[in-house]
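Letters A, B, ... are given to chains in the order of the sequence lines, protein chains preceding strands, and every chain is numbered from 1. Computed from a predicted model, the values in this text were never measured in an experiment.
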Amino acid sequence: MSETVPRNTAPSPPRAAGEGSRGFLEEGRKLQRDLVEEYYRNLATAKERGQPVAYMLVGGNLTEIVRSFGYEVVFPEIIGLNCAIKHASLDNIVHAESMGYGLDVCGYVKNDIGLQDLGGSTPFGKVPRPDLLVCSFSGCYIYVKWWEALAESYGAPMTTFDVPYMRSDRPWREDVDYMVSQLWEFVHYLEKATDHSFDMDALRKVLAESRRAEEGWVKWLDAGRLRPSPIEAYFEAIFYMFPINVLRGTARAGDFYDVVNAEVERRVRDGTNPVPEEKFRVLVEGVPPYTHYRTFWDYFRRWGAVSVVATYPKVGGLFDRGFLHDPSRPFESIAEYSLGAYVNQSWEQRRRIIADYVDQYSADAVVIHGIKSCRSFTAGQGDLRDWLIHERNVPTLYVESDHEDPRYFSPAQMRNRLDAFFEALEQRRAAGSLAPGAGR
Amino acid sequence: MTLTGGVDIGSTTAKCVLVEDGRVVGKSLAPVGVDIVRDADHAFDEALLDAHRGREEVAFIVGTGYGRFKIRFGQLVVTEISCHARGASHLFPGTRLVLDIGGQDTKVIRVSERGEVEDFAMNDKCAAGTGRFLDVCANALGFDVAEIGPVSLTARRPVKVTSTCTVFAESEVTSHLSRGKEPPDILAGLHASIASRSLSLMQRVGVVPEVTFTGGVSRNEGMVRALAQRVGLPVNVSPLSQFIGALGAALLGQERAAGAGA
Amino acid sequence: MSGLVSIEPSVPEPSGPSTSVELSEDFREFTDARTLAEIVRWSREVVSDPGYPTARAWGRSGRGAVGCFPVYTPQEIVHALGLLPVALHGGGENVEISHADAALGSFLCSISKSTLELALTHQLDAFRAVVFPYICDVSRNLEGIFSRLLPTVSTHMLHLPQNFTSAGSVPFLVAEYRRWVEKLEKVSGTRLTDDALRASIETFARQREALAELARLRMNEPWRIDLSEYYLVRRLGGLLPRELHTSLLGRVLEEVRGRQRKRRDAIRLLVVGPFCEQPTLDLINLLEEVGFYVVGDEFLMLHEWCERPPPDDDPLRALARAYVETPRDIGVRRAPSQKGTSIVERVRSAKAESVLFLTAKFCEPALEDVVLYRRGLEKEKIPYLHLEFEERSTAYEQTRLQLETFAESIFFE
Amino acid sequence: MITAGLDIGSGLTKGVLVEDGVRLLPARSVPTRGNPAEAGRQVLGLLVEEANLLPGEVDYLCTTGFGRYTFPDRDLQVSDITASARGAVFLFPGSRHVLDVGSQSTRAISVSETGRVLRFKMNERCAAGAGRFLERCAKYLQVPLESLGERAAAAEHPKLISSVCAVLAETEIINHIADGVPVSEILMGVFVSLAQRAHTLMRYVGITPEVTLVGGLVHNSGAVTALERTIGLRVNVSGDAHYAAAIGAAVLAHRRLVKTSIAPAAAEA
Ligand SMILES: Nc1ncnc2c1ncn2[C@@H]1O[C@H](COP(=O)(O)OP(=O)(O)O)[C@@H](O)[C@H]1O
Ligand SMILES: Nc1ncnc2c1ncn2[C@@H]1O[C@H](COP(=O)(O)OP(=O)(O)O)[C@@H](O)[C@H]1O
Ligand code: SF4
Ligand code: SF4
Ligand code: SF4
């Protein structure tokens, strides 16, 4: 590089060799890849093996119960995010648009329905058609609409698990009762559909595995409290949340977090953190722009910004806030867990969670990423931004694009906003008006 | 006695300002074409010519604007947001809110007493209601952009304009014309509509006095009045308004140069 | 620096026609309105006033009004507490959004923004409580924003069950209603009694019957009442005390039945989609201007969502059962039948020849259904058109073009 | 019987005369320039002069296009979608799918054998997929509108335009130029992007061959090539198809005239 090339005020991104430089744990990432590959292989061969296939949503899902009846489980949201990361979502979306899905329909829905209509082939294998559609109505209305559309296209039966919206710190008794009665009904339905009888003890065992994985996951998340942070709680977490969402209830999920946590401990010992020189500790709120996820990450890294905590990895459940599965109260704890999906929290709850996170993880700033085609997560994020800035005095940036649709991501504009934000933070820190970790 | 330069490559125009001891000693303005690298060079040369100075005399050059990464000769690049905040606070030290409407985007920036950026918001991936919109409307009405401000001030019954989409600007204007509306009334309607769009953006960071209006569109007097009226606050405008980004960049360059010297 | 100028604002002009309708406390205007024309004129004034004049009039007598966000809330409960349930329908074409955008974001329907805008600009001050049913994520999230920005208004997000077959749905909904009742009792300072609730259920049942009667008339002989008249009369149903509205409907029915009017050569149209945000009156008029008769619609679903509650010892349970047990095919409630089949049935039962999907921009629940509906219609070769509208948009050129083409495609062989 | 069709568009006003609903007489156009009624009168004047007629010899006049209501001396007006469909089938009787790309909008129309509209869909919200966008590109790239196609022909790796907004698309183009992408590839990218957007609309209404292109885009060979490649079908194109809406209007005028003049005659008999 010659002298005449302009520098940004930020340090250039770290240029160490290998995957590690991207901020990933080496073993953890490799194991995660293997698990994902295995998962897709199982999906592709499920029909051959005569295994029935259930579709399920991530928020408040019922993986444990469904798996205990021998189903293979497809999570179209996960497939959607994988397609988007692999730049394979746009064709599906455009196809769905030609089927009549409007511009403003959730990108996951369009990716999934377009994908299915085009034959179900993804870069990682073919996705089987559903025999059962389990709609856990936990936090997003579109879940119902989406499953309804699939049910009509495939003629597959759909069951709804209605999860009341969380408007209090602890679940209300009536809500849990309602959910437990639905779970019993669901189990009876599955008994009829599969000709298997339900075994509560088996479920307890599965839940014990879930709990082990959950504890491991929480331990990983908690590492973000350290300064400097040995983990990337947003960009890295997107990968490590796969087992907790998809493989919960299997021993592999628990084992995965053991491996990952051991590696984090090593990081702490050796000081090999995801961002070599931690300058800004950031809380990230919102669904990631999967289509440009690496680009987006780079915009943080070049400023030495590390996400120490994030809300998105909690869509599957707020395990770090107490909703762990409890084998001694199987259905009640499943109910409580489903209530605890992040998008199922009222704005009052969401604000409280974020404020707590800012304190607990000593975040300097918050970056909110809004999704144009997702109202559930996004409607009200502007107000959140206002609240953080004016009532909590936390510097906050709001940026917008889409999780699935690359047409909504404009690199130049996105970079401009992030650069300006960090530039301002740097200025304020230099002037002493921003204490490091002054997230209060 | 350090001479520094700020080069602002916008979507529509390239601006360069040379500053010495906090004073503007030279400036230039030129349209941006397809060869951005050359345009940047050219803007810089013009400003040097204007200041009767040589390239080697400039101690520090800061680039900004959406084409900032294309400036080959600068030492530092900074976003327009920081630069507009810096420039506006320099000209109007009481500034707490900056509204910048350029050729293709609108920004609002809340600044602290010390001229630091506290918060900002931008219009989103849409060119509606920007300078380009006004350019197209002016064209459709057969005016030069520099004329539409004064013309709009003669309006008697401003029309209601619903869309400020740049692409449909022409048909918006034509359909008003075909309904027999007068150009000043149409222009006043357009300005009012941009003003309320701007207000809505300003609400995102909070409307606090003093408000300073920057960017090319702030040269439009009709727009300035429409804005002051809609916001209900006085609005600062400098004759240098289109240069404020470049000025801010040059001023940041002064700090850098001083810092490096110390 | 002498070149610097500071431009002072001149006195701002009032934005839009700031019609403010003052109604008398006993709504004498409506009691006295003898003819349909008079009723419609009043309705037009009330509807175009973003300050909800009927809520203000009710409030002046010291009683509280409760704003009900679309689509459905059991208004009987509100009524039984001596409060006036008022249907919120957004801000209409005259409300300029400048505060609400900041809180909500750009890719959202207008009704959510204008409702918040009205609240922030004190146009909803007459309301002591506001309820947001879980019809979609936007409505749901709006409650959380209201509760922060307007702490003096009692808000509730009503979780309406999505599982319509569980034995637990009705008991859950009763509990959910109770939680809301507790808040409303504080607002009204009275306690809800079973007798009062039973009486309210009767009141609403009578209103529903009268509305159904008018709808039948419109379906069978659409030329007897203009679409805008029909719309405005119905819209009053969510704004006025219900007893009064029922009596107005009686007068309207009588007058309309006696009208001598010529039948036009127009295409019978079913309008699907505007169950929440409402298009402008001009757009509604445009539908018939280009050559249609609207013989079935989803414009104001507040009263039509539920059937008369079934007999039950516990009136609250009766209301909960009415919600859970009424199979209604609409974008924000799961129907037991397939959408593709149910739309065809609806077309047939309204004797419609064509379908217009008129969906609010960014209204995702409505958008998703269009795909399923159109599949069903294509199978039966029933012509349809999909248009998006916005509360505030008044540029109808594109809309007119498409509607005309649609009509011409049916008219010209 | 001579009938006239006037297509008063936002850019151009186009007119044709048709004899007995089957024979095309001259076609003419003038820029609309914000005065649709005047433009209509001018075109009509030109047509009548060219065909050596007296003004009174036009038996029936039908307007279409965005200015269809602004022309006072019309006997009938129809929407331009209805008219384009008729016109396309008049020009290419095998047409079952019509794509109409005008200056500000793109419409995909499926039509019956007689030219009746079965289903149609217009571009939503943004205008990046329409003709005006091409005009601006031509200006930016300093290539005359007429030779856009020629210039694009050399492209091997078209550079797609992702922005849905025509204005921001320009910025994208400038960026490509600054990055040294050859003009031909940018141009072809523009065409392919436009074709892909049109394809989505076309798929929504359903594509049945033959496909006929009408509207101003017919002059653009590059766009036609890109379109044929994208949809994988041959597309009917002719220079007259720019006048499709005007032709359709004149044909519909003729039908109406026949109906109304036969009806009284039949009543007399
Ligand atoms: N004399 C003038 N009067 C009114 N408007 C002007 C004048 N000069 C420039 N403008 C407006 O300013 C815009 C360019 O603003 P500018 O801030 O230079 O944009 P950018 O930084 O994006 O290149 C033009 O689109 C034009 O509408
Ligand atoms: N000679 C030409 N060469 C290439 N493109 C042309 C030519 N003439 C017109 N066009 C294209 O056609 C468009 C105008 O189409 P037209 O159907 O006349 O639109 P409208 O009816 O909306 O006025 C222009 O925007 C331009 O892109
Ligand atoms: S939460 Fe958002 S992204 Fe997820 S399914 Fe719902 S709308 Fe789509
Ligand atoms: S218009 Fe649609 S998206 Fe908006 S609040 Fe109503 S139902 Fe929800
Ligand atoms: S076409 Fe218009 S509305 Fe669309 S993004 Fe561009 S300026 Fe905005």
Side-chain angles (χ1 to χ4, degrees), chain A residues 96 99-106 109 113 135 137 139-142 144-146 148-149 151-153 159-165 167 172-175 177-182 185 343 346-351 370-383 385-387 398 400, chain C residues 100-109 112 116 134-145 147-149 156-157 159 161-169 171-176 178-179 331-332 334-335 338-340 359 361-365 367-372 374-375 386 388:
Chain A
M99 293 168 71
Y101 285 95
L103 278 179
D104 306 303
V105 169
C106 166
V109 176
I113 291 182
C135 181
F137 176 62
C140 171
Y141 196 84
I142 297 316
V144 178
K145 308 302 300 173
W146 183 358
E148 219 171 47
E152 236 163 87
S153 305
T159 62
T160 308
F161 178 48
D162 184 16
V163 181
Y165 194 45
R167 292 152 284 172
W172 287 317
R173 185 70 250 159
E174 296 89 345
D175 293 4
D177 288 348
Y178 173 34
M179 294 166 76
V180 168
S181 74
Q182 294 182 76
E185 286 157 355
V343 268
S346 71
W347 267 119
E348 201 185 329
Q349 300 298 318
R350 270 171 83 174
R351 284 192 289 265
I371 298 289
K372 302 205 168 173
S373 68
C374 167
R375 277 113 208 132
S376 173
F377 234 106
T378 312
Q381 280 180 334
D383 186 56
R385 170 186 176 283
D386 185 69
W387 178 77
Y398 180 77
E400 216 171 31
Chain C
D101 256 347
L104 279 168
S106 34
F107 280 61
L108 292 186
C109 58
S112 59
L116 182 59
Y134 197 167
I135 48 159
C136 68
D137 301 319
V138 180
S139 164
R140 178 198 76 180
N141 287 9
L142 203 50
E143 188 271 341
I145 299 167
S147 66
R148 172 171 107 79
L149 297 178
H156 189 77
M157 198 299 285
H159 186 103
Q162 291 299 323
N163 188 335
F164 299 98
T165 52
S166 171
S169 306
F172 161 77
L173 188 53
V174 169
E176 175 66 22
R178 285 244 155 75
R179 291 194 276 248
V332 289
R334 239 179 86 55
Q338 296 237 321
K339 297 251 171 201
T359 63
K361 214 170 200 175
F362 304 116
C363 175
E364 204 176 343
L367 281 179
E368 311 231 2
D369 280 356
V370 170
V371 184
L372 303 182
R374 75 184 267 248
R375 238 182 258 158
H386 180 192
E388 289 188 23

List the atom of [X], the atom of [Y], and the distance in Å for their closest heavy-atom pair.
X: T160(A); Y: N163(C); answer: O-ND2, 3.0 Å
X: E388(C); Y: D104(A); answer: OE1-OD2, 4.4 Å
X: L108(C); Y: A379(A); answer: CD1-CB, 3.8 Å
X: A151(A); Y: Q338(C); answer: O-NE2, 4.4 Å

Measure distances from [X] to the heavy atoms of chain C and classify the residue's part below 4.5 Å as side chain, backbone, both or neither.
X: Y165(A); value: both
X: V109(A); value: side chain
X: V144(A); value: side chain
X: S376(A); value: both
X: R351(A); value: side chain
X: C106(A); value: both

Discussion item. Is it the case that the side chain of R385(A) and the backbone of A103(C) share a donor-acceptor pair, with hydrogens and angles ignored and the cut-off at 3.5 Å?
Written reply: no

Item to complete: Ignoring hydrogens and angles, tell me if any N or O in the side chain of K145(A) forms a donor-acceptor pair with the backbone of G331(C) under 3.5 Å.
Response: yes

Item to complete: Would you please test Y141(A) and V332(C) for side chain to side chain contact (heavy atoms under 4.5 Å, CB included) and show each step?
Response: CA-CA 9 Å; Y141(A) 196 84; V332(C) 289; 3.9 Å; yes

Worksheet item: What do the steps show when you test S373(A) against F107(C) for side chain to side chain contact (heavy atoms under 4.5 Å, CB included), and what is the final call?
Response: CA-CA 7 Å; S373(A) 68; F107(C) 280 61; over 6 Å; no

Item to complete: With side chain to side chain contact (heavy atoms under 4.5 Å, CB included) as the test, would you mind laying out the steps for E152(A) and V371(C) before giving the verdict?
Response: CA-CA 11 Å; E152(A) 236 163 87; V371(C) 184; over 6 Å; no

Most heavy-atom pairs under 4.5 angstrom with chain A, which of [options]?
options: H386(C), M157(C), E176(C), R374(C); value: M157(C)
options: I135(C), D101(C), L367(C); value: I135(C)
options: L142(C), L104(C), T165(C); value: L104(C)

Worksheet item: What's the verdict on side chain to side chain contact (heavy atoms under 4.5 Å, CB included) for F172(C) and D177(A), showing C-alpha distance, side-chain angles and the deciding distance?
Response: CA-CA 8 Å; F172(C) 161 77; D177(A) 288 348; over 6 Å; no

Part of [X] lying under 4.5 Å from any heavy atom of chain A:
X: P161(C); result: both
X: T359(C); result: neither
X: Y134(C); result: both
X: E143(C); result: neither
X: A102(C); result: backbone
X: L116(C); result: neither

Without hydrogens or angle criteria, can the side chains of [X] and [Y] be said to hold a donor-acceptor pair below 3.5 Å?
X: H159(C); Y: D175(A); value: no
X: E348(A); Y: S147(C); value: no
X: E185(A); Y: S166(C); value: yes

Quick one: do [X] and [Y] make a salt bridge, cutoff under 4.0 Å?
X: E148(A); Y: R334(C); result: yes
X: E364(C); Y: R375(A); result: yes
X: E174(A); Y: R179(C); result: yes

Is there a side-chain contact between [X] and [Y], using heavy atoms and a 4.5 Å cut-off?
X: R375(C); Y: S153(A); value: yes
X: C140(A); Y: D137(C); value: yes
X: Y178(A); Y: P171(C); value: no

Worksheet item: Which one of F161(A), W146(A), W387(A) has the most heavy-atom pairs closer than 4.5 Å to chain C?
Response: W387(A)

